[in-house]
Amino acid sequence: MGLPQVDSSIPTPSTPFPIMPTTCLMKCPTRNMRMSRKLRCGFVVSMRKSDKKGLMDVRKEPKKELSKILWTETAIEGIEVKAGSRKHTTLWPKAVLEALDGAIREFRWESALKIFELLRKQHWYEPRCRTYTKLLMMLGKCRKPDKASMLFDVLLSDGLEPTIDVHTALVNAYGLSGLFDKAFSAINDMKSVYDCQPDVHTYTVLINSCIKHRRFDLSGRVFEEMSYYGIECSTVAYNTLIDGYGKAGLFELMEKALSDMLESGSYLPDIFTLNSILWAYGNCGKLEEMEKKYEEFRLMGTEPDVRTFNILIRSYGKAKMYEKMESVIDFMRKRFFSPTVVTFNTIIEIYGRNGEIEKMGDIFLKMKHIGVKPNTVTYCSLVNAYSKAEKLYKLDSIIQQIENSDVVLDTPFFNCIISAYGRIGEVDKMEELFLAMREKNCKPDSITFATIIQAYNAKGMTEAARDMELKMTALQDVSDTKLIEG
């Protein structure tokens with residue numbers, strides 16, 4: 001079964017997915033009208049009311065989920081307060097450990113370190129390498145290599161012998177921040193310990209960091225070192241390299257890595273390999289190469305998944321090859337692959353970007369009819385498309401739909417809709433959305449300020465633009481101060 005072929009049974013753009021039975025809301029027009037009138041009170045007012053009901057936009061989360069979120073927030077804050085006192089040395093272990101896990105899971109590194117310091121003061125505390133590993137991994141993802149280095153010193157002061165996982169987490173912390181001299185130094189330190197030699201996971205972590213920073217010269221060095229010490233490359237390591245080369249458009253190196261993988265005989269390409277290669281060729285418009293690779297992998301026994309089809313849809317849509325794109329959609333339906341929110345977002349973004357507003361609207365309706373919940377990416381694509389097509393009356397409808405859903409708004413969405421109103425000179429609405437953004441704990445970024453400043457200047461509101469520039473500078477100064485202190 002090869003790449004989905006175009007056939008005469010391809011559905012029209014307005015019916016690419018089967019429609020589910022009519023919902024209760026569709027059967028109750030009177031109720032819908034009441035809801036519509038209720039929503040007319042306005043976006044900002046509605047958002048202000050919702051703030052009183054809970055943290056962020058959790059008012060419509062299931063009760064259990066809301067309870068869990070509130071409990072985690074309260075637990076972290078409660079334990080964090082006690083961390084500043086010397087009195088609390090006999091706290092309940094479960095409370096402290098769960099608060100620490102919650103802070104690590106939410107990447108609240110400052111809270112996590114405070115709680116960990118409190119943990120070390122407890123009479124029942126026993127140092128464990130596993131705890132240090134989790135903290136080091138979190139600090140690496142938060143780009144806090146200095147804090148990671150200090151924590152490693154604390155581990156040694158606790159009398160622990162660092163395990164391979166601890167060393168690997170430290171390598172990861174240095175590598176993700178681009179401190180490759182320190183990362184390689186940490187690996188050399190591992191080599192000096194008899195029972196703590198770097199393994200394939202350690203080197204894979206370092207390869208991943210090299211790829212993220214586009215230091216392909218160093219990734220090659222890592223592979224050579226692995227070969228020298230007789231460490232076989234894993235499927236994950238090969239996939240990391242193939243994905244990195246593909247995203248950088250280095251197709252020859254990508255193909256060489258794939259050939260090395262096949263020649264190894266021990267590690268065969270999998271679905272992640274296939275998707276990385278298809279994305280690389282499709283993103284650059286090399287559709288013939290993409291289709292060829294699809295067929296080759298199918299012959300090797302690698303079956304596509306939903307992400308594979310999403311990549312194909314995106315690639316054909318980007319090239320405006322709608323017929324092939326719709327054939328992939330039809331193939332998914334016939335093979336019982338359920339479209340995900342990413343599938344719909346991809347199609348909506350493609351039609352919207354190319355001005356196919358009616359088709360985009362049809363897909364959005366199908367998305368809701370089959371029960372796939374739109375997210376902020378969906379609404380950003382809709383806002384961008386309607387704004388570009390000068391159908392700005394549609395924006396109010398989108399806002400009402402968001403208010404009637406449990407979508408958690410984020411900074412990119414606000415930037416998108418603020419930009420839309422700013423382009424048409426609706427300064428009042430733009431300012432209301434900016435205030436609502438602050439109230440929803442969505443921090444404005446440089447894009448937010450630049451968009452508002454541009455709108456003010458276009459309207460000749462130079463004083464307001466200057467005031468916004470001062471606010472932006474003040475915000476940047478605070479961020480720089482935190483970065484220095486961190």
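Values below: every heavy atom of this structure, side chains too, minus hydrogens, waters and symmetry copies. For clarity, every value in this text was computed on a predicted model and none was experimentally measured.
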Exercise. Parallel, tilted or perpendicular: which describes the rings of Phe116 and Tyr132, with under 30° parallel and over 60° perpendicular?
Worked result: perpendicular

Exercise. Which value, rounded to the nearest 0.5 Å, describes the distance between Asn188 atom CG and Met190 atom CE?
Worked result: 10.5 Å

Problem set entry | Criterion salt bridge (charged side-chain N to carboxylate O under 4.0 Å, His left out) on Asp165 and Arg130, from CA distance to verdict | CA-CA 8 Å; Asp165 288 340; Arg130 184 180 177 184; over 6 Å; no

Problem set entry | side chain to side chain contact (heavy atoms under 4.5 Å, CB included) evaluation trace for Phe184 with Leu218 | CA-CA 10 Å; Phe184 280 102; Leu218 293 180; 4.2 Å; yes

Problem set entry | NZ or CZ of Arg307 within 45° of Phe272 ring axis and under 6.0 Å | no

For this session: Test side chain to side chain contact (heavy atoms under 4.5 Å, CB included) on Val96 and Ile115 and set out the steps.
Result: CA-CA 7 Å; Val96 180; Ile115 295 170; 4.2 Å; yes

Problem set entry | Pair Lys429 + Glu432, salt bridge at N-O below 4.0 Å | no

Exercise. Thr448 and Asn415: side-chain donor and acceptor closer than 3.5 Å?
Worked result: yes

Problem set entry | Check against side chain to side chain contact (heavy atoms under 4.5 Å, CB included), Tyr267 and Leu262 | CA-CA 7 Å; Tyr267 303 100; Leu262 291 168; over 6 Å; no

For this session: List the steps and the verdict of ring-ring contact (aromatic ring centres under 6.0 Å, His included) for Phe309 and Phe331.
Result: CA-CA 9 Å; Phe309 294 123; Phe331 185 87; 5.6 Å; yes

Exercise. Do other residues, nucleotides or ligands put more than 12 heavy atoms under 6.0 Å from the CG atom of Asp181?
Worked result: no

For this session: State, with a plain yes or no, whether a side-chain heavy atom of Glu117 is found less than 4.5 Å away from one of Lys114.
Result: no

Seminar exercise, completed: dist Ile242:CD1 -> Asp260:CG (nearest 0.5 Å) comes out at 9.0 Å

Exercise. Between the side chains of Asp305 and Thr308, is a donor N or O closer than 3.5 angstrom to an acceptor N or O?
Worked result: yes

Exercise. In Å and rounded to the nearest 0.5 Å, what is the CE to CZ distance from Met437 to Phe414?
Worked result: 7.0 Å

Problem set entry | Leu241 vs Ser219 side-chain heavy atoms within contact, under 4.5 Å | yes

For this session: Please tell me if the side chains of Met367 and Thr343 come closer than 4.5 Å, counting only heavy atoms from C-beta onward.
Result: no

Problem set entry | Arg214 to Phe216, cation-pi by 6.0 Å centre distance and 45° axis angle | no

Problem set entry | Greater than 12 external heavy atoms within 6.0 Å of His201's NE2 | no

For this session: Search all heavy atoms of Ile207 against all heavy atoms of Ala237 and return the closest pair with its distance.
Result: CD1-CB, 4.4 Å

Exercise. Charged N to carboxylate O under 4.0 angstrom, Lys191 versus Glu225?
Worked result: yes

Problem set entry | Nearest atoms (heavy-atom pairs only) where Met332 meets Pro339 | CE-CA, 4.1 Å

Exercise. Would you call Gln401 and Pro374 a side-chain contact if the rule is heavy atoms closer than 4.5 Å?
Worked result: no

Problem set entry | Atom CZ of Arg128 with >12 non-hydrogen neighbours under 6.0 angstrom | no

Problem set entry | Pair Thr378, Asn375: side-chain N/O donor-acceptor within cut-off below 3.5 Å | yes

Exercise. Is it true that Lys443 and Asp445 have a side-chain N and a carboxylate O under 4.0 angstrom from each other?
Worked result: no

Exercise. Out of curiosity, Ile348 CD1 to Cys380 SG, how far, rounded to the nearest 0.5 Å?
Worked result: 12.0 Å

For this session: Would you check if the side chain of Ser157 reaches a backbone N or O of Val154 as a donor-acceptor pair within less than 3.5 Å?
Result: yes

Seminar exercise, completed: All heavy atoms of Ser209 vs all of Leu176, minimum pair found to be OG-N, 3.4 Å

Problem set entry | Heavy-atom donor-acceptor pair, Ser264 side chain to Met261 backbone, under 3.5 Å | yes

For this session: Could you verify whether a donor N or O on one side chain and an acceptor N or O on the other, from Ser381 and Asn384, lie under 3.5 Å apart?
Result: no

Exercise. If you take all heavy atoms of Ala169 and Leu136, which pair is closest and at what distance?
Worked result: CB-CB, 3.6 Å

Problem set entry | Criterion salt bridge (charged side-chain N to carboxylate O under 4.0 Å, His left out) on Asp217 and Arg215, from CA distance to verdict | CA-CA 5 Å; Asp217 55 326; Arg215 292 297 306 272; 3.2 Å; yes

Exercise. Do Phe297 and Ile271 have side-chain heavy atoms sitting under 4.5 Å apart?
Worked result: no

Exercise. Thr202 and Asp199: side-chain donor and acceptor closer than 3.5 Å?
Worked result: yes

Exercise. If you take all heavy atoms of Ile313 and Val328, which pair is closest and at what distance?
Worked result: CG1-CG1, 3.7 Å

For this session: For Arg221 and Glu224, run salt bridge (charged side-chain N to carboxylate O under 4.0 Å, His left out): C-alpha distance rounded to whole Å, both residues' side-chain angles, the deciding distance at 0.1 Å, then the answer.
Result: CA-CA 5 Å; Arg221 173 183 162 185; Glu224 289 174 4; over 6 Å; no

Exercise. With a 4.5 Å limit on heavy-atom distance, are the side chains of Leu206 and Phe180 in contact?
Worked result: yes

For this session: Identify whether the distance between the nearest side-chain nitrogen and carboxylate oxygen of Glu349 and Arg314 falls below 4.0 Å.
Result: no

Exercise. Is there a donor-acceptor contact under 3.5 Å linking the side chains of Tyr203 and Asn208?
Worked result: no

Problem set entry | Over all atoms of both residues, closest heavy-atom pair of Cys233 and Tyr238 | CB-CE1, 3.5 Å

Exercise. Between Ile447, Ile418, Leu433, which is the residue that forms a side chain to side chain contact (heavy atoms under 4.5 Å, CB included) with Ile452?
Worked result: Ile418

Problem set entry | Straight-line distance of Leu382 CG to Cys416 SG, nearest 0.5 Å | 9.0 Å

Exercise. So, does Thr302 use its side chain to make a donor-acceptor pair with the main chain of Arg298 at under 3.5 Å?
Worked result: no

For this session: Let me see the working for Tyr174 and Ser185 under side chain to side chain contact (heavy atoms under 4.5 Å, CB included), right down to the final yes or no.
Result: CA-CA 10 Å; Tyr174 288 141; Ser185 177; over 6 Å; no

Problem set entry | Heavy-atom side-chain contact between Ile370 and Phe344 under 4.5 Å | yes

Problem set entry | Spatial distance of atom CE (Met468) from atom NZ (Lys471) [nearest 0.5 Å] | 4.5 Å

Exercise. Got Lys182 and Pro145 here, is their nearest side-chain heavy-atom distance under 4.5 Å?
Worked result: no

Exercise. Per the side chain to side chain contact (heavy atoms under 4.5 Å, CB included) rule, which among Val236, Asp243, Thr235 passes with Asn239?
Worked result: Thr235

For this session: For atom CE of Met300, decide whether the heavy atoms of other residues, nucleotides or ligands shown that lie under 6.0 angstrom number more than 12.
Result: yes

Exercise. Are Asp410 and Thr376 linked by a side-chain donor-acceptor pair shorter than 3.5 Å?
Worked result: yes

Problem set entry | Under 3.5 Å donor-acceptor, Arg335 side chain and Arg333 backbone | no

